[in-house]
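To start, the structure itself, in structure tokens.
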Number of protein chains: 2
Amino acid sequence: MDKQNLKQAGLKATLPRLKILETLENNPDAHMSAEDIYKVFMDSNDIDIGLATIYRVLTQFESAGIVCRHRFEDGRAVFELDHGKHHDHMVCMQCGDVAEFVDDVIEQRQREIAQKFGFQMTDHCLYIYGICSNCQSQSK
Amino acid sequence: MDKQNLKQAGLKATLPRLKILETLENNPDAHMSAEDIYKVFMDSNDIDIGLATIYRVLTQFESAGIVCRHRFEDGRAVFELDHGKHHDHMVCMQCGDVAEFVDDVIEQRQREIAQKFGFQMTDHCLYIYGICSNCQSQSK
DNA sequence: ATCAATGCAAAAACTTTGCACTGAT
DNA sequence: ATCAGTGCAAAGTTTTTGCATTGAT
């Protein structure tokens with residue numbers, strides 16, 4: 001994902017946009033909120049990008065199909081690069097960690113259910129919420 | 001759902017709580033936000049319940065297992081009565097209609113996936129988005 | 001040079017909280 | 001009478017917007 005992709009999407013290759021892309025690429029497993037990305041910039045003192053810009057850019061990226069926006073149960077909106085392959089999410093309610101998975105049985109079953117209802121499926125998402133193994137072992 | 005249920009949950013049977021229950025019962029298919037419920041009260045001029053109370057009551061109801069909280073695409077939290085049976089949602093992107101369904105194969109599969117990841121599942125939800133049969137036949 | 005993009009601050013949208021008053025038991 | 005429950009207003013969160021300035025082409 002680079003300048004070319006941005007231009008194809010009709011977006012100028014500005015520093016904020018490139019930095020946001022770079023940050024998402026550097027954290028492929030972290031589903032980051034706008035604030036998360038902002039904090040990364042704050043910590044590396046040489047980048048000065050406003051939070052409003054991050055929100056704007058992420059929304060543009062979503063429209064352009066560059067990122068996916070998810071709304072987890074705790075209300076925060078998080079983003080990940082859209083690599084084109086569908087997957088579902090398992091969210092730890094304690095540490096916020098997100099694992100991704102795909103299950104062919106479930107995928108198939110969803111198609112069958114939609115068909116049974118005469119429903120023309122355009123998208124679907126499955127969230128499993130709970131406590132990840134890491135947090136379980138750390139709990140007192 | 002009545003005074004008895006509230007008392008069982010350790011909640012006093014107050015007017016706001018009874019009215020909120022009643023409103024959710026009167027709109028079994030509408031997944032309502034706190035604001036939606038507030039508007040119902042505003043419109044029927046004889047009920048005067050503060051928005052903060054509605055938020056508080058809904059959160060208590062959620063803890064008590066009386067209602068389920070869902071997050072819709074726009075980020076608002078919506079609620080529906082919890083009839084005890086878990087179900088998933090199929091949302092028509094055209095008419096906004098919501099159909100509910102349960103599939104034992106998917107339910108089982110989710111448990112297996114969570115277990116495989118050592119994940120202690122507390123909740124899960126599946127949304128299928130698309131166009132319902134009704135809208136398909138009406139499309140021009 | 002042009003017009004999109006940004007930063008900042010202000011506001012909007014949604015939700016929670018502090019506190020004094022009210023009401024169910 | 002008691003203490004949970006409520007209303008209101010104020011504050012907290014998260015996200016959006018207005019506007020003057022900056023920057024990519």
Side-chain angles (χ1 to χ4, degrees), chain A residues 2-23 31-42 44-64 66-79 93 96, chain B residues 2-23 31-42 44-64 66-79:
Chain A
D2 62 354
K3 296 190 179 191
Q4 287 313 95
N5 300 80
L6 287 177
K7 287 179 190 158
Q8 282 166 23
L11 299 171
K12 287 183 181 170
T14 61
L15 189 75
R17 298 211 254 237
L18 291 170
K19 283 294 173 190
I20 289 170
L21 269 186
E22 188 186 309
T23 303
H31 292 65
M32 305 182 82
S33 68
E35 197 95 26
D36 291 336
I37 294 172
Y38 184 63
K39 281 189 199 120
V40 171
F41 295 155
M42 297 301 273
S44 79
N45 303 345
D46 53 56
I47 310 172
D48 191 33
I49 296 175
L51 187 53
T53 299
I54 297 175
Y55 275 106
R56 265 186 298 232
V57 168
L58 286 171
T59 302
Q60 292 159 346
F61 281 4
E62 188 191 16
S63 303
I66 295 171
V67 303
C68 288
R69 183 196 300 250
H70 297 282
R71 301 235 182 223
F72 290 148
E73 208 164 71
D74 59 5
R76 63 204 167 110
V78 296
F79 299 83
M93 299 308 278
Chain B
D2 61 353
K3 296 192 178 191
Q4 287 312 96
N5 300 82
L6 287 178
K7 287 180 190 160
Q8 281 164 25
L11 299 170
K12 286 183 180 169
T14 62
L15 189 75
R17 298 211 254 237
L18 291 169
K19 283 294 172 189
I20 289 169
L21 270 186
E22 187 186 309
T23 302
H31 293 64
M32 305 182 84
S33 68
E35 197 94 26
D36 290 336
I37 294 172
Y38 184 63
K39 281 189 200 119
V40 171
F41 294 155
M42 297 301 273
S44 79
N45 302 345
D46 53 54
I47 310 173
D48 190 33
I49 296 175
L51 187 52
T53 299
I54 296 175
Y55 276 107
R56 265 186 298 232
V57 168
L58 286 171
T59 302
Q60 293 160 345
F61 281 4
E62 188 189 16
S63 303
I66 295 171
V67 303
C68 287
R69 183 194 301 250
H70 297 281
R71 294 265 167 196
F72 269 12
E73 69 291 339
D74 62 357
R76 288 163 61 135
V78 296
F79 299 83

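In what follows, chains carry the letters A, B, and so on, assigned in the order in which the sequence lines appear, proteins first and then strands, with residues in each chain numbered from 1.
Residue B:Leu11 is classed as a sugar-phosphate contact, given heavy-atom separations below 4.0 Å to backbone atoms only. Here B:Leu15 lies out of heavy-atom contact (under 4.0 Å) with every strand. Within 4.0 Å (heavy atoms only), B:Ala34 reaches no atom of the nucleic acid at all.
Candidate nucleotides D:dT14, D:dA24, C:dT15 were compared by shortest atom distance to the side chain of A:Tyr55, and D:dT14 ranks first. Of the candidate nucleotides D:dG7, D:dT15, C:dT15, D:dG7 has the atom nearest to the side chain of B:Thr53. Residue B:Ala13 has its side chain nearest to C:dT25 when only C:dT25, D:dG23, D:dT15 are considered. Considering only the side chain of B:Pro16, D:dG7 comes nearest among D:dT25, C:dT15, D:dG7. With C:dT25, D:dT16, C:dT15 as the choices, the nucleotide that has an atom nearest any side-chain atom of B:Arg71 turns out to be C:dT15. Taking only side-chain atoms of A:Arg17, from C-beta outward, the nucleotide of C:dC8, C:dT6, C:dT16 with the closest atom is C:dT6.
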Go through B:Leu6 and B:Leu21 one step at a time and tell me if the side chain to side chain contact (heavy atoms under 4.5 Å, CB included) criterion holds.
-> CA-CA 10 Å; B:Leu6 287 178; B:Leu21 270 186; 4.1 Å; yes
Might you work through the side chain to side chain contact (heavy atoms under 4.5 Å, CB included) test for A:His31 and A:Asp36, ending with a clear yes or no?
-> CA-CA 9 Å; A:His31 292 65; A:Asp36 291 336; over 6 Å; no
Could you walk me through whether B:Leu58 and B:Ile37 pass side chain to side chain contact (heavy atoms under 4.5 Å, CB included), step by step?
-> CA-CA 10 Å; B:Leu58 286 171; B:Ile37 294 172; 4.1 Å; yes
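To the nearest angstrom, C1' of C:dT16 lies 11 Å from CZ of B:Arg69. Look at CZ on B:Phe41: it is 14 Å from P on D:dC8, rounded to the nearest Å. One can place CZ of B:Arg56 at 13 Å from C1' of D:dA10, the figure rounded to the nearest angstrom. Following rounding to the nearest Å, A:Leu51 (CG) and C:dA10 (P) show an atom-to-atom distance of 15 Å. Taking atom CG of residue A:Leu6 and atom P of nucleotide C:dT6, one finds them 10 Å apart after rounding to whole Å. Atom-to-atom, CG of B:Leu58 to C1' of C:dC14 comes out at 13 Å; the value is rounded to the nearest Å. Put simply, CD1 on B:Ile54 is 8 Å from P on D:dG7, counting in whole angstrom units. To the nearest angstrom, C1' of D:dT13 lies 9 Å from CD of A:Glu35.
For the residue pair A:Ser33 / A:Arg76, no side-chain donor-acceptor distance below 3.5 Å is found, with atom types taken as modelled.
For the pair A:Thr14 and C:dA4, the criterion of a side-chain N or O lying under 4.0 Å from OP1 or OP2 is not met. An OP1 or OP2 oxygen of D:dT6 is reached within less than 4.0 angstrom by no side-chain nitrogen or oxygen of B:Lys12.
In this structure, A:Thr59 and A:Arg69 have side chains that are in contact, with non-hydrogen atoms separated by less than 4.5 Å.
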